[in-house]
Amino acid sequence: MSSNEQPSAPTNFIRNRIRKELESGQYEQLVTRFPPEPNGYLHIGHAKSIVLNFSLPREFGGYTNLRFDDTNPEKEEQRYIDAIKEDVRWLGYDWKNECYASNYFETLYEYALHLIDEGLAYVDEQDADAIREQRGTLTEPGTNSPHRDRSVAENRLLFERMRSGELPDGACVLRAKIDMAAPNINLRDPVIYRIRHQEHPRTGTEWCIYPSYDFAHGQSDAIEHITHSLCTLEFEDHRPLYDWLIEHLPVPSRPHQIEFARLNIDFTVLSKRRLTRLVDEGHVDGWDDPRLPTIAGLRRRGFTPESIRNFCTEIGVTKSESIIPFGVLERNLRDDLNVRAPRRMAVLKPLKIVLTNFPEGETEWLEAANHPQNPDMGTRKVPMTREVFIEQDDFMEEAPKKFFRLKPGGEVRLRNAFIIRCDEVVKDSAGNLVELRCSMDPETRSGQPGADRKVKGTIHWVSAEHAVKAEVRLYDRLFKVPHPGGDKEADFVEHLNEQSLEVLNEARLEPGTEQAAVGDFFQFERLGYFVPDHDGTPDRPVFNRAVTLRDTWAKLEKQLRQG
RNA sequence: UGGGACGUCGCCAAGUUGGUUAAGGCACGGGGUUUUGAUCCCCGCAUUCGCAGGUUCGAGUCCUGCCGUCCCAGCCA
């Protein structure tokens with residue numbers, strides 16, 4: 001097994017319901033669908049839906065369709081269709097059928113005609129404002145449209161004219177005739193077709209009328225013989241309409257809509273509207289910006305499909321709305337990469353040290369394990385020379401007692417090498433730290449008898465002569481507040497964290513690491529998990545930090561600072 | 001003030017048709033191992049299920065009434 005995926009899915013109300021239905025023989029196989037609208041990129045919230053929709057049939061038998069809900073050509077584009085397919089595949093799922101609501105436009109049109117013939121739909125040529133006013137309010141019933149009781153023949157004629165293209169946008173709509181006094185506003189004669197002279201990414205200019213979500217979704221489910229149409233809570237109020245249409249139309253099957261709570265994560269936004277704004281207004285560098293919770297962004301950041309799937313399974317599926325800490329997502333990445341990522345050494349902010357008793361001009365190749373707990377991952381040789389770089393953070397001139405790293409006169413182990421002592425701190429005339437002069441204890445070299453001598457700290461390093469210079473990008477939360485989208489007063493972009501990206505230009509990698517390709521991942525020991533970014537070039541590698549390691553010292557240090 | 005839904009430990013979340021001591025994960029605290037202050041391993045962590053009543057031998061699970069939160073008045077999905 002290449003990953004450490006959780007063995008069993010936790011139980012949830014949808015799974016329980018399906019198990020019971022299967023036991024009572026209500027249907028022979030489970031058919032679900034993942035129905036994105038191609039008007040933006042998929043994000044981690046979609047991943048929750050994807051994992052649910054694909055894992056259920058996988059467990060109980062059946063299959064999942066990928067269906068593009070492409071009923072609004074004003075916002076939909078082919079590039080989004082392509083990106084969505086790539087993201088679903090990357091997450092590890094394969095759909096049975098690639099479907100499009102637009103494939104059913106002709107059938108849907110016939111269904112509309114059927115409703116008209118049954119006296120259950122009518123054409124209304126009032127404008128949007130008039131229709132809105134007649135809809136009533138949350139506490140007052142609506143009033144009937146003056147066109148509500150047109151004859152079937154007239155409705156047919158008008159609807160055909162809508163399709164013919166002779167009418168401009170907004171000239172009229174087709175409405176289902178249900179009940180203007182219904183307490184559920186969705187039942188107050190909802191609009192089911194509107195005129196849109198707009199080229200569609202799939203059907204081109206074939207149509208100038210498009211079905212609304214309500215009219216297209218359930219019927220598409222029925223056409224595809226979807227048994228369970230899983231969607232988020234905000235559609236709960238639409239279920240009566242969903243059912244009404246299914247019951248009044250000659251559809252080939254009877255799907256059931258079940259709603260679950262959408263995913264919320266703190267310090268980020270998870271709505272396509274807001275993500276689109278961040279991209280369009282240039283607050284981030286495209287849909288795959290590593291700070292974004294988009295699938296493309298998470299992938300570029302260094303997240304693995306396994307970690308995202310595990311996360312989605314771990315958080316569960318319920319009807320209660322919750323906000324998951326971003327750290328939960330990060331921990332899932334760590335858990336996955338901890339067992340799989342080869343270890344390397346890299347120094348983010350270099351501090352030069354000279355090993356005064358190490359022979360000048362010489363290189364010693366030391367053996368280093370690629371994974372401390374997994375010998376199967378093998379070993380590699382790392383070069384040691386007289387001059388090496390260590391992390392600036394690993395040296396303190398005036399260190400607190402709990403600081404286990406290097407300090408004047410103190411000892412520390414160089415990972416995979418030997419123990420050194422800091423003999424001298426060299427500064428320039430301005431008092432800036434220039435380098436450290438240290439002596440090594442050759443007896444403590446890894447593999448030597450003296451190697452078991454204990455010192456408090458072990459730090460990572462790279463040979464100054466061999467290290468490869470690289471750019472390393474560190475990411476922090478995109479927003480400064482836990483719920484950027486929940487602020488009624490301020491626009492969410494005002495809460496953007498301007499320090500969410502930190503670019504390090506002086507990082508040094510253990511030689512060989514620069515050969516890595518996009519898709520590879522490493523643990524840079526003591527620092528975190530890093531992946532090559534596609535912005536990198538052979539002579540200028542670029543790495544993204546996906547996530548840090550759990551850092552107990554940082555936590556302790558913070559506590560000490562706060563007293 | 002209409003309709004729909006939700007409310008179990010700091011964060012998630014199990015709790016079959018009411019039946020002894022309210023799963024599990026994360027976080028947190030303590031201890032052990034460790035050449036990553038990482039990982040890993042132990043141990044601890046809700047007399048209580050939004051609140052108040054009621055039914056019952058027995059209720060997180062049933063009833064009643066409150067309280068709180070979210071969604072709905074697009075020719076968006």
Side-chain angles (χ1 to χ4, degrees), chain A residues 6 10-12 16 20 35-37 39 69 71-72 74-75 124 126-128 131-133 135-142 169-175 182-188 190-196 209-210 212-214 216-217 231-240 259 261 266 272-273 314-325 327-328 331-332 334-335 338-339 343 345 368-369 371-373 402-405 412-419 444 446 451-460 523-528 548-557:
Chain A
Q6 290 177 353
T11 175
N12 62 59
N16 290 162
K20 277 183 196 157
E37 181 189 11
N39 66 345
D69 227 331
T71 58
N72 183 4
E74 281 183 346
K75 299 198 256 175
D124 194 338
Q126 299 183 101
D127 62 26
I131 290 177
R132 187 182 312 120
E133 277 166 35
R135 189 148 32 223
T137 68
L138 295 178
T139 52
E140 298 160 323
D169 287 7
C172 47
V173 293
L174 183 70
R175 296 224 256 166
N184 180 341
I185 291 179
N186 292 303
L187 261 20
R188 321 241 259 230
V191 170
I192 57 176
Y193 260 97
R194 71 283 212 194
I195 301 172
R196 278 277 184 311
I209 57 173
Y210 294 94
S212 65
Y213 164 84
D214 287 306
H217 203 97
C231 63
T232 44
L233 251 29
E234 64 269 29
F235 292 102
E236 216 155 13
D237 288 341
H238 292 244
R239 180 151 32 97
E259 312 83 14
D266 64 8
K272 254 197 261 183
R273 202 202 97 233
E314 178 179 304
I315 57 175
V317 179
T318 67
K319 296 192 71 156
S320 62
E321 293 157 272
S322 56
I323 300 168
I324 310 291
V328 175
R331 181 180 46 71
N332 272 282
R334 285 194 199 102
D335 288 348
N338 173 47
V339 313
R343 301 305 101 140
M345 291 195 285
H371 190 112
Q373 277 83 228
K402 293 269 207 171
F403 187 79
F404 299 154
R405 282 110 97 150
V412 77
R413 172 175 286 280
L414 291 186
R415 176 89 172 148
N416 300 124
F418 37 68
I419 292 170
T444 59
S446 296
D452 58 357
R453 179 154 83 83
K454 304 293 181 199
V455 284
K456 277 290 193 178
T458 297
I459 65 174
H460 55 93
Q523 183 195 102
F524 288 170
E525 288 195 279
R526 301 208 312 130
L527 296 173
T548 62
L549 252 33
R550 190 158 158 255
D551 194 345
T552 309
W553 165 246
K555 207 165 63 181
L556 221 183
E557 199 181 28

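None of the values given here were measured: they were computed from a predicted structure.
Scored by the salt bridge (charged side-chain N to carboxylate O under 4.0 Å, His left out) test, A:Arg343 finds no partners at all (sequence neighbours excluded). A:Thr444 is linked by a side-chain contact (heavy atoms from CB on, under 4.5 Å) to A:Arg413, A:Phe418, A:Ile419, A:Asp441, A:Arg453, counting only residues two or more places apart in sequence or in another chain. With sequence neighbours excluded, no residue forms a salt bridge (charged side-chain N to carboxylate O under 4.0 Å, His left out) with A:Arg188.
Rounded to whole Å, the separation between the P atoms of B:C9 and B:G50 comes to 8 Å. Comparing B:C42 with B:U33, their P atoms sit 15 Å apart, to the nearest whole Å. Distance noted for atom C1' between B:A22 and B:A13: 13 Å (whole Å). Taking the P atom of each, B:C49 and B:G44 are spaced 24 Å apart, rounded to whole Å. Across B:A27 and B:U35, the matching C1' atoms stand 29 Å from one another, rounded to whole Å. A distance of about 13 Å separates the P atoms of B:U48 and B:G10, rounded to the whole Å.
A distance of 6.0 Å separates CG in A:Asn72 from CZ in A:Arg196, rounded to the nearest 0.5 Å. Atom CG of A:Asn338 sits about 12.5 Å away from atom CZ of A:Arg331, to the nearest 0.5 Å. Separation of atoms CD (A:Glu74) and OH (A:Tyr210) is listed at 10.0 Å; rounding is to 0.5 Å.
In this structure, B:G60 is classed as anti because its glycosidic torsion departs from zero by more than 90°.
Rounding to whole angstrom units, CD1 of residue A:Ile323 and P of B:C6 are separated by 18 Å. With rounding to whole Å, A:Glu314 atom CD is found 13 Å from B:A14 atom P. When the P atom of B:U35 is taken as reference, atom CZ of A:Arg405 falls 18 Å away, rounded to whole Å. Put simply, CG on A:Leu187 is 10 Å from C1' on B:G3, counting in whole angstrom units. Between the CG atom of A:Leu556 and the C1' atom of B:A38 there is a distance of 15 Å, rounded to whole Å.
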Just the table, please: protein N/O against nucleotides 40-46 of chain B N/O, every pair under 3.5 Å.
none

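Note on A:Thr318: every side-chain N or O is 4.0 Å or more away from OP1 and OP2 of B:C12. Contact annotation: A:Thr11 reaches the phosphate of B:G15 (side-chain N/O to OP1 or OP2, under 4.0 Å). For A:Arg343 and B:U36, the shortest distance from a side-chain N or O to OP1 or OP2 is not below 4.0 Å. Within the structure, every side-chain polar atom (N or O) of A:Lys454 is placed at least 4.0 Å from both OP1 and OP2 of B:U34. Residue A:Arg334 places none of its side-chain N or O atoms closer than 4.0 Å to OP1 or OP2 of B:U39.
Here the side chain of A:Thr318 pairs a donor or acceptor atom with the backbone of A:Ser320 at under 3.5 angstrom.
Partner of A:Arg194 under the side-chain contact (heavy atoms from CB on, under 4.5 Å) criterion, chosen from A:Val173, A:Ile209, A:Leu174: A:Val173.
Nucleic acid contact for A:Phe524: none, since no nucleic acid atom lies under 4.0 Å from a heavy atom of the residue. Contact annotation for A:Val412: no contact, since no heavy-atom pair falls under 4.0 Å across all strands. Heavy atoms of A:Ala417 sit under 4.0 angstrom from at least one base atom. Contact annotation for A:Ile459: no contact, since no heavy-atom pair falls under 4.0 Å across all strands. At a threshold of 4.0 angstrom between heavy atoms, the contacts of A:Asn16 are confined to the sugar-phosphate backbone, with no base atom among them. Base contact: A:Lys402 has a heavy atom under 4.0 Å from a base atom.
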At under 4.0 Å between heavy atoms, which parts of nucleotides 68-77 of chain B does protein reach? Answer with one letter per nucleotide, 5' to 3': B base, S sugar-phosphate only, - none.
--SBBBSBBB
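A:Arg413 contributes a side-chain N or O that forms a donor-acceptor pair with the base of B:U35 under 3.5 Å.
Contact detail for A:Leu187 and A:Ala182: the closest heavy-atom pair is CB-CB, 3.6 Å. Residue A:Val412 comes nearest to A:Gly457 through the heavy atom pair CG2-O, 3.3 Å, listed as atom of the first residue, atom of the second, then distance.
Using a 30° and 60° split on the angle between ring planes, A:Tyr213 and A:His217 fall in the tilted class, from 30° to 60°.
Remark: RNA chain B takes part in the stems B:2-7 with B:67-72, B:10-12 with B:24-26, B:28-32 with B:40-44, B:50-54 with B:62-66, each of 3 or more antiparallel Watson-Crick or G-U pairs, criterion distances under 3.5 Å.
The pair A:Glu236-A:Lys319 meets the salt-bridge criterion, since a charged nitrogen lies less than 4.0 angstrom from a carboxylate oxygen.
When side chains are defined from C-beta on, A:Leu527 does not count as touching A:Leu549, because their heavy atoms never get closer than 4.5 Å.
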